[in-house]
Number of protein chains: 2
Amino acid sequence: MSETPSTEVKHGATCAVIDIWEVLGKRWSLLIIKNLSTKETIRFNELKRALSGISSTVLSERLLELEREGLVTKKIYPEVPPRVEYSLTAQAKELEVIIKELARWVGRWKRPQSVAAPAATVAKKEEQSSTTTAS
Amino acid sequence: MSETPSTEVKHGATCAVIDIWEVLGKRWSLLIIKNLSTKETIRFNELKRALSGISSTVLSERLLELEREGLVTKKIYPEVPPRVEYSLTAQAKELEVIIKELARWVGRWKRPQSVAAPAATVAKKEEQSSTTTAS
DNA sequence: CCGTATCCCCTCCGATACTG
DNA sequence: CAGTATCGGAGGGGATACGG
């Protein structure tokens, strides 16, 4: 997970996507973004409570990663007791739109059939097009 | 990774997204989809070679997962030597569009600045809007 | 050629404890 | 309240070897 597998892929774009995926694919990241998007601004423990089950360690870690990626901004109020507020950046909000699209796509395809029984198609001897013959 | 953390999230949609994320977030999944999308149909070892670095074990595993999710179809030709061809389903192609969008988004925001120096904003005592007062 | 079985490592995550 | 330090367990991924 720490490094991109084969960076020299044909179309280039995917590399960057994978990069983002490495961050977003980690546990909680997505839920953090979601909570941030629905509440606009949120404090550390508030977020922690909303994600009940997460530990401070991991939450802090995820938040740091997201900040490094420019998806989350952190605002520190030098008070006592300390207050820190997290919020999404504009770019993260753009991302959220894409995620919503993804969600819509998921819903569109997962509701109808039960998506079981893969049962690979077995072609008959008379195949329609054998592009690659055996080596 | 095996189970969804807190399924009872406010907006629901995310759960399904997380589900897909669990599959797509795994290593190689995205690259597999990419290769499949650029070649339309591909054989096992051909794919393996294209993803140089992946092991048969993992490739087979990913392929099975993607098949279970209805993103990939498998076509077995009962010949000798055996031939198996993988290809994307229509739904996966829809997904590809979204991924491309994501790629575009990544490019749009990652090229300009180096994305370093998080340096959280420190608010002055006189904050502009304290929505949440201390508990 | 197309996979599965097995082992091992290494990272990630959660729990606990502690500081500013 | 907002985190960091450290530890231990669990699981994913890679290498190797073997079967259909």
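Chain letters run A, B, ... following the sequence lines, proteins first and then strands; every chain starts at 1.
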Decide yes or no for B:Tyr86 and B:Ile32: does some side-chain heavy atom of the first lie under 4.5 Å from some side-chain heavy atom of the second?
no
Rounded distance in Å - CG (B:Leu59) to P (D:dG12):
17 Å
Take atom CG of B:Leu51 and atom P of C:dC2, then tell me their distance rounded to the nearest Å.
14 Å
Has B:Arg27 got a side-chain N or O lying under 4.0 Å from the OP1 or OP2 atom of C:dT11?
no
For D:dG3, take OP1 and OP2 only and decide whether either is under 4.0 Å from a side-chain N or O of A:Lys74.
yes
Check the pair B:Leu71 / B:Leu88 against side chain to side chain contact (heavy atoms under 4.5 Å, CB included), numbers first and verdict last.
CA-CA 6 Å; B:Leu71 298 179; B:Leu88 292 181; 5.5 Å; no
Could you state the atom-to-atom distance from CG of A:Leu64 to P of D:dG3 in whole Å?
9 Å
Distance below 4.0 Å between B:Arg62 side-chain N/O and D:dG12 OP1 or OP2:
no
For the pair B:Thr41 (side chain) and B:Glu85 (backbone), establish whether a donor and an acceptor sit closer than 3.5 Å, ignoring hydrogens and angles.
no
Whole angstrom value for the distance that separates P of D:dT4 from CD of A:Glu65:
12 Å
Please classify the nucleic acid contact of B:Lys48 as base, sugar-phosphate, or nothing, using heavy-atom distances under 4.0 Å.
nothing
Among the nucleotides C:dG3, C:dC1, C:dG14, whichever has the atom closest to the side chain of B:Phe44 is C:dG3
Phosphate-side-chain proximity, B:Trp28 and D:dG14, N/O vs OP1/OP2 below 4.0 Å:
yes
Measuring from atom CZ of B:Arg27 to atom CG of B:Leu51, what distance do you get when rounded to the nearest 0.5 angstrom?
11.0 Å
How do A:Pro82 and A:Glu61 order along DNA chain C: which one's closest nucleotide is nearer the 5' end?
A:Glu61
Taking for each residue the nucleotide of DNA chain D with the nearest heavy atom, is it A:Val84 or A:Thr57 whose nucleotide lies nearer the 5' end?
A:Val84
Hey, does A:Lys74 have a side-chain heavy atom less than 4.5 Å from the side chain of B:Thr121?
no
Can you say whether a donor on the side chain of A:Ser56 sits under 3.5 Å from an acceptor on the base of D:dA2, or the other way round?
no
Can you tell me the distance, in whole Å, between the CG atom of B:Leu47 and the C1' atom of C:dG3?
13 Å
Whole Å only: how far is the NZ atom of B:Lys26 from the C1' atom of C:dT11?
15 Å
Rounded to whole Å, how long is the line connecting atom CZ of A:Arg83 with atom C1' of D:dG3?
17 Å
From CD1 of B:Ile54 across to C1' of C:dC2 the rounded distance in Å is 14 Å
So, under a plain 3.5 Å distance rule, would you say the side chain of A:Ser60 forms a donor-acceptor pair with the base of D:dA2?
no
